[in-house]
Number of protein chains: 2
Amino acid sequence: MSLILKAHIEKLLGMELPFYDTIEKYFVPAALRKKENLLTEGKICKANYFVVAGCLRMFFVNEKGVEQTTQFGLEHWWLADYSSFSLQRPSEFFIQAVEPSQVLCLSHSAQEELLLEYPRLERYFRLVHQRAHAASQFRIKVLYGNSREELYHGFVRLYPDFVQRVPQYLLASYLGITPEYLSELRARRLS
Amino acid sequence: MSLILKAHIEKLLGMELPFYDTIEKYFVPAALRKKENLLTEGKICKANYFVVAGCLRMFFVNEKGVEQTTQFGLEHWWLADYSSFSLQRPSEFFIQAVEPSQVLCLSHSAQEELLLEYPRLERYFRLVHQRAHAASQFRIKVLYGNSREELYHGFVRLYPDFVQRVPQYLLASYLGITPEYLSELRARRLS
DNA sequence: CGGTCTCTTGACGGAGTTCAAAGCTAGTGG
DNA sequence: CCACTAGCTTTGAACTCCGTCAAGAGACCG
């Protein structure tokens with residue numbers, strides 16, 4: 001089915017994965033249309049999602065009713081609300097497809113069974129979370145160390161193609177600024 | 001020596017750890033004085049640090065020369081710059097003792113050996129990073145969803161005793177505000 | 001085409017910063 | 001045990017980044 005996950009596991013573990021065929025059954029593929037939700041606020045995050053193709057985002061709705069995007073998930077990334085997923089408690093987040101996407105869903109119980117049966121994969125998920133943790137540390141540094149304007153220019157410099165790929169209001173939402181201000185920043189740069 | 005780590009591993013793994021005595025040699029204890037550095041910008045983060053007692057903080061120095069605290073590490077927490085630690089590359093952070101502290105140092109090579117010899121501990125570190133990842137997701141949500149003033153009051157509500165424990169300029173640095181503004185917020189609340 | 005969703009523009013206001021200076025606290029050495 | 005100093009906290013005035021509101025111009029889809 002999807003060799004992308006196999007390749008990802010092999011890359012992180014640094015070895016061939018001969019038993020991939022036998023673990024494939026734990027991952028349920030799903031195709032998502034644009035704006036389709038994988039998780040809704042108040043529901044339990046039932047699965048850990050691996051992005052095969054497309055783009056997901058995680059967001060919450062603040063008290064003014066505005067959506068704040070906290071994370072994007074592109075190819076090769078695992079995405080879930082890990083507080084909700086780990087404890088199987090209601091989530092405060094949404095997870096939604098930004099564009100038509102394909103994911104592999106690893107439900108909470110499937111993950112537990114998988115790891116019991118193939119303890120070697122603990123190492124894989126340890127590395128996945130360790131990387132995500134490192135990425136969060138970097139993210140928080142960037143958030144603290146820069147003005148909103150610098151955040152925008154930094155993001156454009158780092159991910160120029162991604163900026164083309166998503167609508168601007170989503171980018172604004174991710175950067176924690178209003179679409180109006182983002183528009184102003186763009187205009188300023190043209191002069 | 002320190003049964004705190006043993007207890008923590010047992011808690012996360014949900015089982016007794018009969019072989020703790022034999023793995024203890026991988027962890028090097030260290031006592032730190034106030035303001036002593038475990039990691040300095042430009043150096044490689046050589047170890048993963050488990051806080052046995054006291055309090056650490058991670059910070060960086062922004063382009064204006066101001067220290068920005070991104071993380072505190074209290075008892076039971078593991079702390080490291082995981083980008084630097086994983087890849088053994090120079091770090092952009094400092095790690096420093098806020099008060100006299102005791103830590104266990106697990107060097108990069110020691111961790112690799114430890115995990116090779118006791119693969120069961122992969123699960124432990126997977127859970128540690130998964131929790132940290134969940135905490136980062138929550139942290140980013142709080143950072144995006146609240147004004148600086150709300151951040152302060154939220155923090156005081158959540159960790160009233162910790163607020164007493166650290167100087168205010170560190171708290172300001174962690175909340176991403178100036179000490180002057182923090183002072184104003186405190187004064188406002190007294191009236 | 002018609003309507004809804006997205007992007008732009010501009011005026012105004014406020015949360016939070018910067019700078020400067022003075023008061024306070026705590027650690028240190030004599 | 002006191003005195004001195006360096007570092008921490010407070011106060012206030014000027015300033016700025018960025019949000020809010022309102023209105024219009026495109027753009028995309030049925």
[X] [atom1] to [N] [atom2], straight-line distance once rounded to whole Å:
X	N	atom1	atom2	value
A:Y152	D:dC17	OH	P	18 Å
B:L182	C:dT17	CG	P	10 Å
A:L185	C:dT9	CG	P	12 Å
A:K35	D:dC29	NZ	P	11 Å
A:Y144	C:dT17	OH	C1'	17 Å
A:N146	C:dG16	CG	P	18 Å
A:L171	C:dT8	CG	P	11 Å
A:E184	D:dT16	CD	P	15 Å

Aromatic ring proximity, centroids under 6.0 angstrom, [Y] and [X]:
X	Y	value
A:F94	A:F60	no
B:F59	B:Y174	no
B:Y152	B:Y181	no
B:H133	A:H129	yes

Quick one: is [X] getting a side-chain N or O under 4.0 Å of the [N] phosphate, OP1 or OP2?
X	N	answer
B:T178	C:dG16	no
A:S183	C:dC7	no
A:K64	D:dT20	yes
B:R186	D:dT9	no
A:R148	D:dC17	no

On DNA chain D, does the nearest nucleotide to A:E150 precede the nearest nucleotide to B:V166 from the 5' side, or the other way round? Give the residue. B:V166
Base, sugar-phosphate or nothing for [X]? Non-hydrogen atoms, less than 4.0 Å.
X	value
A:Y169	sugar-phosphate
B:S147	sugar-phosphate
A:I177	sugar-phosphate

Nearest-nucleotide wise, let me know which of B:K34 and B:E180 is further upstream toward the 5' end of DNA chain C. B:E180
Given D:dC17, D:dT10, D:dT11, the nucleotide with the shortest approach to the side chain of A:Y181: D:dC17
Going by the angle between their ring planes, with limits at 30° and 60°, are A:Y124 and A:W78 parallel, tilted or perpendicular? perpendicular
